[in-house]
There are 2 protein chains.
Amino acid sequence: MATLQDVAVAAGVSPATASRALSTPASVSMERRHRVLEAAERLGYRPNRSAQALASGRSGHIGLVVPDLANPFFATVAKGVQSQARGAHRSVLVADTDEDVRAEREIVDDLQPNVGGLLLCSPRMPEDEIRDAAARGPVVVVNREVAGLASVSFDVASGVHAALAHLRALGHTRVAYVGGPSTSWSDARRRAALTEVAGLEIVDVGGQRPIHQGGVAAADLVIAAGATAVLAYNDLVALGVMARLHARGLSVPGDVSVIGFDDIPAAAYVSPALTTVALPLTRAGHEATTLLDGLDAAAEPPTVRLPVELVVRDSTGPAALPLKG
Amino acid sequence: MATLQDVAVAAGVSPATASRALSTPASVSMERRHRVLEAAERLGYRPNRSAQALASGRSGHIGLVVPDLANPFFATVAKGVQSQARGAHRSVLVADTDEDVRAEREIVDDLQPNVGGLLLCSPRMPEDEIRDAAARGPVVVVNREVAGLASVSFDVASGVHAALAHLRALGHTRVAYVGGPSTSWSDARRRAALTEVAGLEIVDVGGQRPIHQGGVAAADLVIAAGATAVLAYNDLVALGVMARLHARGLSVPGDVSVIGFDDIPAAAYVSPALTTVALPLTRAGHEATTLLDGLDAAAEPPTVRLPVELVVRDSTGPAALPLKG
DNA sequence: GAAAATCTTGAATGCGCTTTCACGGCTCGA
DNA sequence: TCGAGCCGTGAAAGCGCATTCAAGATTTTC
């Protein structure tokens, strides 16, 4: 494995110059720079990231912490992060907390000293712990907002409003909301947006695990609540609701309309195709990575809130007569 | 940030002893070991992985290269790798090649010098390049087999056989195979297994991109081929086939039976639920990580082939009268 | 035309850690 | 009892690189 030393010798310059030629090209004369670049190319030189990190004190790696990699939501964000990071020649260390706060804490503690910045995706930790972490190094929070910290989130409220307006336009008057984990920031946002809308009766049927099974469990509550439409915490839950509704002999959207959140790929596959509030997941990954790069301890931490879009498909339709509660 | 040096001072021992107490506990007297551990705990000491890597020449990090993180297949494997790696106190660097060979090459070159081992998941690279990589450092190939290299793959042939036997038992005689990327090793394995089965007419309708849209595109070919059943490269493709079949007014399994591969979560959600050959994805991630840890340049590289299981759901049923071709 | 400012360069230092190496204190066999 | 072997320990070297510092080369300024 060729080292910078080798490149320097091959190019007939000092290691210092070789280092500069690669990292601060402007500070080296054109001729030497070319000699170094050529030698590096010829020798197949690959910088040793560990050595770079150790010497400079900056790690180059990006740490990405997600609750569940197998969840398409986070997988898509991860993909966005990954592609943006590659463009900046940085690698991504991903860690999956399995939706567990304790594990999350541990992972953050483990990861943080060894990365140049941390991307906390839908963190379950309390705010003050997140702020502690941010005090120790660059941190960008994704899909959550923490006062004083850089974050990338979604304009959930407008998504909720669009969804409810859509349902109202279809004649629905009683809508059930199937929530996510009670500790989830984005569930709280959805709930907050719900109360702000008039003309529609919202029945909160409680929180569920943010996966298919959660939706299955919630469907019966929805039926019992006598709602003709459901807004679900996310697409996975919405899909679960639909599956159970189907199993109980109810038709979607004939008897009940269903709206999800996220617009994961599966939302378009299923039949009926799911009406959902689409979140720009990949873009969130991009933005977060970009933010992390440009983070400046002095400046006010930037907060970007990405626009969302209601994608109307086949799971919503005109209201049926209300089911009896 | 506390360093080993600090811990050593606090424990009243030399840095060498502190280092040994943490990495080779057996080589330190019980009393000093406890002093060091206590001091480390008290100071919140976190080893600097970069320094460890630089000093020892071993990186500790595991590099995971996948074609597409957003594909539930790879996301699940990644989750498996991740959880196993955490158990061994190693971090995972993931890179997404976007199904592109050139990017894959580049990523491998980039990553390899900076990780302790590489997990190549469904690599698209030619065998000799993979072997080159393996010559430069520990490599385990996942979902592909390369002669002379450690690998974790699936017993695809028996899955194909089970699927075909299932279809035969249902009275099908003409089965279409919708393939994946032609460069894909696992597609070749599926094809190889197909030809070995008698009593069933297999129509190869060509390869598709291994995603939902690929299946949509293939469905019309299936209909034209006059098959009453379809075996698809993977679940995503199978779902695409089903969607298009549905759109064309054909019923599943009434008119056409559909079988997928992988058993991604969505396979169980959709309606009709997809009959599929389930691959132990998470386990593959575990096994691969374990293999990587125990890789010994001297010994014969281990090859593990994981068993698969046909999961019969609702997308397969008795054969209808053959469609006319 | 001399002094000051600027730019390029190489020598040298050290990031935090692992790992020889050598040394003193042991135990053991003879 | 004495030397051979072993174990626990610390001093020290160095992994590959970025970066500071000082020096030389060049340009600029009055």
[N] phosphate, OP1 or OP2, under 4.0 Å from [X] side-chain N/O:
| X | N | answer |
| --- | --- | --- |
| A:Thr17 | C:dT9 | no |
| B:Thr3 | C:dG16 | no |
| B:Ser50 | C:dC17 | no |
| B:Ser27 | D:dG8 | no |
| B:Ser56 | C:dT18 | no |
| A:Arg32 | C:dT8 | no |
| B:Gln52 | C:dT18 | yes |

Nucleotide of [options] approaching [X] most closely (side-chain heavy atoms):
| X | options | result |
| --- | --- | --- |
| B:Ala55 | C:dT18, D:dG10, D:dC17 | C:dT18 |
| B:Ser29 | D:dC17, D:dG8, D:dA11 | D:dG8 |
| A:Ala51 | D:dG8, C:dC17, D:dC17 | D:dC17 |

Whole angstrom is fine here: how far is it from [atom1] in [X] over to [atom2] in [N]?
| X | N | atom1 | atom2 | result |
| --- | --- | --- | --- | --- |
| A:Arg33 | C:dC7 | CZ | P | 15 Å |
| A:Asn48 | D:dA18 | CG | P | 10 Å |
| A:Arg58 | C:dG16 | CZ | P | 14 Å |
| B:Asn114 | D:dG16 | CG | P | 12 Å |
| A:Gln5 | D:dG14 | CD | P | 13 Å |
| A:Leu22 | D:dC17 | CG | C1' | 11 Å |
| B:Leu4 | D:dG10 | CG | P | 13 Å |
| A:Arg49 | C:dG16 | CZ | P | 21 Å |

Using a 4.0 Å heavy-atom cut-off across all strands, classify B:Pro47 as base, sugar-phosphate, or nothing.
->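 Answer is sugar-phosphate: B:Pro47 comes under 4.0 Å of backbone atoms only.
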
Does the pair B:Arg102/B:Glu106 count as a salt bridge with the N-to-O cut at 4.0 Å?
->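 Here B:Arg102 does not pair with B:Glu106 in a salt bridge, since their nearest N and O are not under 4.0 Å apart.
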
Is A:Arg136 salt-bridged to A:Asp109, going by a charged N under 4.0 Å from an acidic O?
->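 Salt bridge flag = yes for A:Asp109 with A:Arg136.
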
Side-chain donor or acceptor of B:Arg20 under 3.5 Å from a matching atom on the base of D:dG10?
->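 Yes.
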
A:Leu22 side chain near A:Leu37 side chain, heavy-atom distance below 4.5 Å =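 They are in side-chain contact.
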
Could you pull out the closest heavy-atom pair between A:Ile107 and A:Ala95, with the gap in Å?
->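 Reported closest heavy-atom pair: CG2-CB, 3.4 Å.
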
Run the numbers on A:Val108 and A:Glu129 for side chain to side chain contact (heavy atoms under 4.5 Å, CB included), then give the verdict.
-> CA-CA 10 Å; A:Val108 167; A:Glu129 290 185 32; over 6 Å; no

